[in-house]
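Reviewing the structure listed below.
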Amino acid sequence: MANFKTVAELISIAEQENKKISDVMLAQEVEISGKTIDEIWEQMEKAYDVMEKAVQRGITEDIRSHSGLTGGAGKKLQAYIQKGDFLSGETVLDAVSKAMSTNEVNAAMGTICATPTAGAAGIVPGTLFSVAQKLNASKEDQIRFLFASGAIGYVVANNAFIAGATGGCQAETGSASAMAAAAIVEIAGGTPSQSAQAVAIALQNMLGLVCDPVAGLVEVPCVKRNAIGASIAMVAADMALADITFAIPADEVIDAMYRIGKTMPHTLKETALGGLAATPTGKELEAKVFGGQPTKSESKS
Amino acid sequence: MKYRTVFDIIGPIMIGPSSSHTAGAARIGKIARNIFGRHPETAEITFYGSFAQTYKGHGTEIALIGGILDLDTHDEGIIESKALAKEQGVDVTTLISEEETEHPNTAKVKLADEFGEVEIVGISIGGGNIEIISMNGFHLRLSGHHPALLVLHEDRHGMIAGVSNVLSKYELNIGHMEVARKSKGSEALMAIETDQQIPQALLDEIQQIPYILTVTRLQA
């Protein structure tokens, strides 16, 4: 009987039953939804297709958001990788490029799959399509990647939060980075407990991250935070695969994230009142995007 | 558990840019429309908290209007929803309020036509997931994840038994149920989430019970 509420329970079920994290998530989904494995698999495949299309759009088309604040970074980084003289690893940069691509498509009101939210939608697909290419992974393993990352997101969402408005950006890109890190470990052949270590390492590096969208838009700093969230997921996964552990267990890191989010002032939780949004340039961009109209008074539109 | 399935985490498939501000808003609009049960002539939207601060840039307003027009989170028609509303004769007013609310992403939607009106308050709790926390002034909690039955009735004894008898007859299992009333003996609301889809015949039968005012079905 699969039923987990914490990372520790998830790992212990996986180890006791000699299963992957994705198996445990699938089994729980069957139980909760009453749907068949085939139906669930098909639904996940639809999400996968949407993710693939968004990544492809971002790295090949000239994406521009309506505000004009973002677009083109994913494509630019692909061109840079093609030139060959990059410093970080190719797989990491590819993941970063694909993460930004998805988020740029999101900012441009394109179709995406929230993972776990739209603002953080780049990290899971970005790392998935980069790692899958590197490992020559089967479609089945790629779909499993989404179930494995979903399992971690499920724990984080139910024990802490996944929305910037409730917990800051650590709740969005932090959760996504932890989800991706666990799934990268699984697709690369690591153990469930290595996945848990990757979750702890990735999330501890995103703790305290505030949600301070310039002009209130899911663009700046979100696109580049998806980039760095993807790179943290990749490095955390590699560290875990090297059998490096973190002193604080994943569940306690998630709890720390929750408590930090609870004590975070509301100006730093997607209200566009603090952080980067409150910088002189942030304010200028806001005025430019909205034509200098007041956005915070009682008004009819 | 607030988030029940893996697709609450991997999903929804949606039009960007924000799952809370766009997908969640569209779902609040769609449930309001669903409860209203027909095409409204007027729609009054009030945004609170983070919604009030950032709705313009996120397209929260157009997503919510899209929902009111019965569009799904991934329907590209959402982008053109303001024009669609005009075309379909829905007069939309958007207000923002500085009133403190329990949740930062709160929206109130009032839909009306010559036959009546419905007012619901919804919160967008993250990742496109929502809860309806009030309907016509009655406090309740509905996730929109399950089929639900909303029964407005006079506050008298035996009403819950009467309604649950009909559910039992149709072999519908109650997953979650809430009752609320404004004051003793006045109007009351039963909100019942079921595990199975609710057939029209069941609605008709409940409508026949004395002292029932209105019965609304919400498809998941």
Side-chain angles (χ1 to χ4, degrees), chain A residues 5 25 28-29 32-34 40 43-44 46-47 50 65 67 105-119 121 124 146-147 149-151 153-154 157-158 161-166 171 179 213 215-219 266 269-273 289-290 295-301, chain B residues 1-24 44-46 49-63 73-76 78-79 82 92-99 103-105 123-129 145 195-196:
Chain A
K5 292 185 179 65
M25 185 73 249
Q28 176 155 312
E29 190 65 22
I32 284 174
S33 68
I40 294 164
Q43 194 175 345
M44 194 58 97
K46 272 187 194 144
V50 167
S65 68
S67 71
V105 168
N106 177 60
M109 292 191 87
T111 305
I112 54 100
C113 177
T115 54
T117 63
V124 170
L146 298 178
F147 282 105
S149 61
Y154 175 84
N158 281 311
F161 15 52
I162 52 172
T166 49
M179 288 161 60
L217 306 175
V218 188
E219 296 189 44
H266 90 288
K269 290 197 272 198
E270 212 177 340
T271 51
L273 297 172
V289 170
F290 295 115
T295 54
K296 280 149 204 137
S297 60
E298 193 92 17
S299 72
K300 280 203 169 194
S301 68
Chain B
M1 306 296 261
K2 276 188 295 185
Y3 297 82
R4 289 178 63 256
T5 106
V6 72
F7 299 108
D8 288 345
I9 306 299
I10 309 294
I13 295 169
M14 57 171 284
I15 304 290
S18 165
S19 36
S20 287
H21 292 70
T22 318
E44 186 187 280
I45 301 164
T46 312
S50 169
F51 269 3
Q53 305 278 4
T54 67
Y55 77 94
K56 278 186 185 164
H58 282 127
T60 307
E61 187 184 17
I62 60 170
T73 55
H74 53 82
D75 194 314
E76 288 179 10
I78 281 179
I79 299 169
K82 275 189 167 177
V92 182
T93 308
T94 304
L95 302 163
I96 62 174
S97 168
E98 287 178 5
E99 200 183 305
H103 194 278
N105 292 327
I123 57 175
S124 179
I125 61 171
N129 295 288
H145 281 314
D195 294 339
Q196 297 84 13

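Each chain gets a letter, A, B and so on, in the order its sequence line appears, and its residues count up from 1. Values below: every heavy atom of this structure, side chains too, minus hydrogens, waters and symmetry copies.
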Considering only heavy atoms, which portion of [X] lies under 4.5 Å from any heavy atom of chain A: side chain, backbone, both, or neither?
X         : result
Ile45(B)  : neither
Ser20(B)  : side chain
Ile125(B) : backbone

Revision key, fill the gap. dist Ile40(A):CD1 -> Glu29(A):CD (nearest 0.5 Å) comes out at 5.0 Å
Below 4.5 Å from any heavy atom of chain B, which atoms of [X] appear? Answer side chain, backbone, both or neither.
X         : answer
Ser33(A)  : neither
Met44(A)  : both
Met25(A)  : side chain
Thr111(A) : both
Gln43(A)  : both

Exercise for review: Would you mind reporting whether Val92(B) and Glu61(B) have side-chain heavy atoms less than 4.5 Å apart?
Suggested key: no
**Study point:** Check: Pro104(B) and Glu270(A) side chains under 4.5 Å, non-hydrogen atoms
**Key:** no
Review point. With respect to chain B, which residue among Asn106(A), Ile32(A), Thr117(A) yields the maximal number of heavy-atom pairs within a distance under 4.5 Å?
Key: Asn106(A)
Point to revise | Options Ala47(A), Gly110(A), Ala163(A), Gly119(A), ranked by heavy-atom pairs under 4.5 Å with chain B, top entry | key: Gly110(A)
Review point. Looking only at atom types and distance, does a side-chain atom of Thr73(B) sit under 3.5 Å from a main-chain N or O of Ile13(B), one as donor and one as acceptor?
Key: yes
Exercise for review: Could you tell me whether a side-chain N or O of His74(B) sits under 3.5 Å from a main-chain N or O of Pro12(B), the two making a donor and an acceptor?
Suggested key: no
**Study point:** With sequence neighbours excluded, residues passing side-chain hydrogen bond (donor to acceptor under 3.5 Å, both in side chains) with Tyr154(A)
**Key:** Gln28(A)
Exercise for review: List in chain and number order the residues that pass side-chain hydrogen bond (donor to acceptor under 3.5 Å, both in side chains) with Ser50(B), two or more places apart in sequence or in another chain; answer none if no residue qualifies.
Suggested key: His21(B), Asn105(B)
